[in-house]
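Note that the numbering runs from 1 along the sequence shown for the chain.
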Amino acid sequence: MQIFKFGGASVKDAQGVKNLTKVLQTVGYSNTLVVVSAMGKTTNALEVVINNYFNNTSQTQSALQEVKKFHNAILLELFEDERHTAYDKITTLFNELSRFINTNKSPDYNFVYDQIIGYGELISTTIISEYLNSIHIKNNWIDARELIKTDTFYRRANVNWDATHRLISEHVNTSTLNITQGFLGSDPNNFTTSLGREGSDYSAAIFAYCLNANSVTIWKDVPGVLNADPRYFNNAVLLHNISYREAIELAFYGASVIHPKTLQPLQRKEIPLYVKSFLNPTANGTKIYKDVVLNPMVPCYIVKKHQILISLSSLDFSYIVEENISVIFSLLHKYKMKVDLIQNSAISFSVCVDDLYNNLDILLHDLKAKFKVSHFRDVSLYTIRHYTQETITQIENDKTVLLKQLTQETVQVVTK
């Protein structure tokens, strides 16, 4: 059994769907499960629908109409006969989405977000499954929500591994081609949950773990894992081999090619992960496996934009020790801040965070009850694995350095 994952960029239009088909035909698709994200920028477009639902009700339907038009254009290019069953299935999904928007009573943003956002993946996989069938590539469409069970932590749900393992083992036919959604699960009441943005990689790893897959391949628009994001760094280099440990380090620090949760289930069963280009499917790409040496051994750069740096000190100049640190982390957890860097001294504590749930103002308010607080919004966090002094100098050039932290293998620099 092999697991393939295709992201939104790979299926951003009808040509992308056709190219996915060519990849399958080139590399083989027997005993394969394909995990697919929403098409193109659909997730962003559905976030506009959600924002309008809460803040600009009169524009909700027009935003939803834009999502419909985008997918209808793809349908028209893939299926000339408008009587094809694909049209009816997509119409049914949009009707379900509209019905939820019109009847929902819950004021919980995170709950509503997950009920709406998942339709991107449901629609994309339905279109792809129908297209494959139309060109005589028979496949089985699977609703991932019926198999991946989670808690009710909407927008970043935690997997119930026992239930998920049982359901996937019982219901996935490993002898055929399967098409399913990334990113999605369901809670004990069968409401849709999501595994976090970019969670489709994690979905692929979940299926791989539960099915004892031979391998997972993530198909990207880059040749593999690069030592830097080419959007921000020049002369990025392809990494041919990466160990699980190194890949987990890179993912933890924010490398965009690999979702942070993806590697752990693969490592537990020693399932190799490949990152390859859907534009050149026969190229080797990058292999991530156990006990391999980083090849080539070069500095690896990661940047996380739009961070918040919060600096704290005690009001009475007392030490920042266990009790104070416990209070700080309790509040960070309460307001669902993603911590990317911490640094403390005897009387100060600094933390760089992602404000994923827009809770910064209330967090600062609560912190000020016990600490002297300052903060910088919209900072950048640079991480270099296997750094040299030259690479640090290049990062710091023409920037204001707010914080720097060095360990034996890694340097992190917060800049404004």
Pair Arg99 + Glu96, salt bridge at N-O below 4.0 Å: no
With a sphere of 6.0 Å drawn around [atom1] of [X], does it hold more than 12 non-hydrogen atoms of other residues, nucleotides or ligands?
| X | atom1 | value |
| --- | --- | --- |
| Phe376 | CZ | no |
| Asn235 | CG | no |
| Lys338 | NZ | yes |
| Lys22 | NZ | no |
| His171 | NE2 | yes |
| Asn284 | CG | no |
| Lys12 | NZ | no |
| Asp162 | CG | no |

Counterpart residues, ring-ring contact (aromatic ring centres under 6.0 Å, His included), relative to Phe111 (two or more places apart):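 Tyr154, Phe191.
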Taking all atoms of both residues into account, what is the closest heavy-atom pair of [X] and [Y], and its distance?
| X | Y | result |
| --- | --- | --- |
| Leu93 | Tyr119 | O-CE2, 3.4 Å |
| Ile127 | His71 | CD1-CD2, 4.1 Å |
| Asn104 | Val112 | ND2-CG2, 3.5 Å |
| Val225 | Thr286 | N-OG1, 2.8 Å |

Answer whether the closest heavy-atom distance between the side chains of [X] and [Y] falls below 4.5 Å.
| X | Y | result |
| --- | --- | --- |
| Lys336 | Asn110 | yes |
| Ile3 | Ile271 | no |
| Val413 | Gln405 | no |
| Phe6 | Val35 | no |
| Leu132 | Lys138 | no |
| Asp366 | Lys334 | yes |
| Thr415 | Thr400 | no |

From the list Asp378, Asp229, Asp340, salt bridge (Lys or Arg N to Asp or Glu O under 4.0 Å) with Lys304 holds only for Asp340
Residue pair Asn133 / Asn139, side-chain donor-acceptor N/O under 3.5 Å: yes
Verify the distance criterion only: is there a donor paired with an acceptor across the side chains of Thr410 and Arg385 at less than 3.5 Å?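 Indeed, the side chains of Thr410 and Arg385 share at least one donor-acceptor pair under 3.5 Å.
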Backbone of Ile258 reached by a side-chain donor or acceptor of Thr262 within 3.5 Å: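 Pair absent, no side-chain N/O of Thr262 close to backbone of Ile258.
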Distance in Å, [X] [atom1] paired with [Y] [atom2], rounded so as to fall on 0.5 Å steps:
| X | Y | atom1 | atom2 | value |
| --- | --- | --- | --- | --- |
| Lys370 | Ile328 | NZ | CD1 | 9.5 Å |
| Lys372 | Leu367 | NZ | CG | 15.0 Å |
| Ser134 | Asp81 | OG | CG | 11.0 Å |
| Tyr131 | His84 | OH | NE2 | 10.5 Å |
| Ile179 | Ile137 | CD1 | CD1 | 9.0 Å |
| Ile168 | Ile148 | CD1 | CD1 | 5.0 Å |

Listed by chain and number, what are the salt bridge (charged side-chain N to carboxylate O under 4.0 Å, His left out) partners of Asp361, not counting sequence neighbours?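 So Asp361 forms a salt bridge (charged side-chain N to carboxylate O under 4.0 Å, His left out) with Arg377.
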For Tyr382, does the six-membered ring have the charged nitrogen or CZ of Lys404 within the cation-pi criterion, i.e. under 6.0 angstrom from the centroid and within 45° of the normal?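 No, Lys404 does not lie over the aromatic ring of Tyr382.
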When you measure from the centre of the six-membered ring of Tyr209, is the NZ or CZ of Arg268 under 6.0 Å away and within 45° of the axis?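 Relative to the ring axis of Tyr209, which defines the angle, Arg268 lies inside both limits.
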Does [X] have any side-chain contact (heavy atoms from CB on, under 4.5 Å) partners at least two apart in sequence or in another chain, and if so, which?
| X | answer |
| --- | --- |
| Asn190 | Lys149, Ser186 |
| Asp143 | Leu122, Trp141, Arg145, Glu146, Gln181 |
| Thr32 | Gln2, Phe4, Tyr29, Val34, Leu177 |

side-chain contact (heavy atoms from CB on, under 4.5 Å) evaluation trace for Thr57 with Asn52: CA-CA 5 Å; Thr57 306; Asn52 286 338; over 6 Å; no
Per-pair distances, 0.1 Å, donor-acceptor, side chain in residues 287-302, under 3.5 Å, sequence neighbours excluded:
residue, atom, partner, partner atom, Å
Lys290, NZ, Glu270, OE1, 3.1
Lys290, NZ, Glu270, OE2, 3.4

Between Leu195 and Arg156, does the side-chain contact (heavy atoms from CB on, under 4.5 Å) criterion hold? Intermediate values first, please. CA-CA 5 Å; Leu195 305 178; Arg156 202 167 67 194; over 6 Å; no
Of Val414, Val351, Leu381, which meets side-chain contact (heavy atoms from CB on, under 4.5 Å) against Leu309? Val414
Could you go through the ring pair (Phe, Tyr, Trp, His ring centres under 6.0 Å) check for Tyr357 and Tyr335 one step at a time? CA-CA 8 Å; Tyr357 293 85; Tyr335 295 116; over 10 Å; no
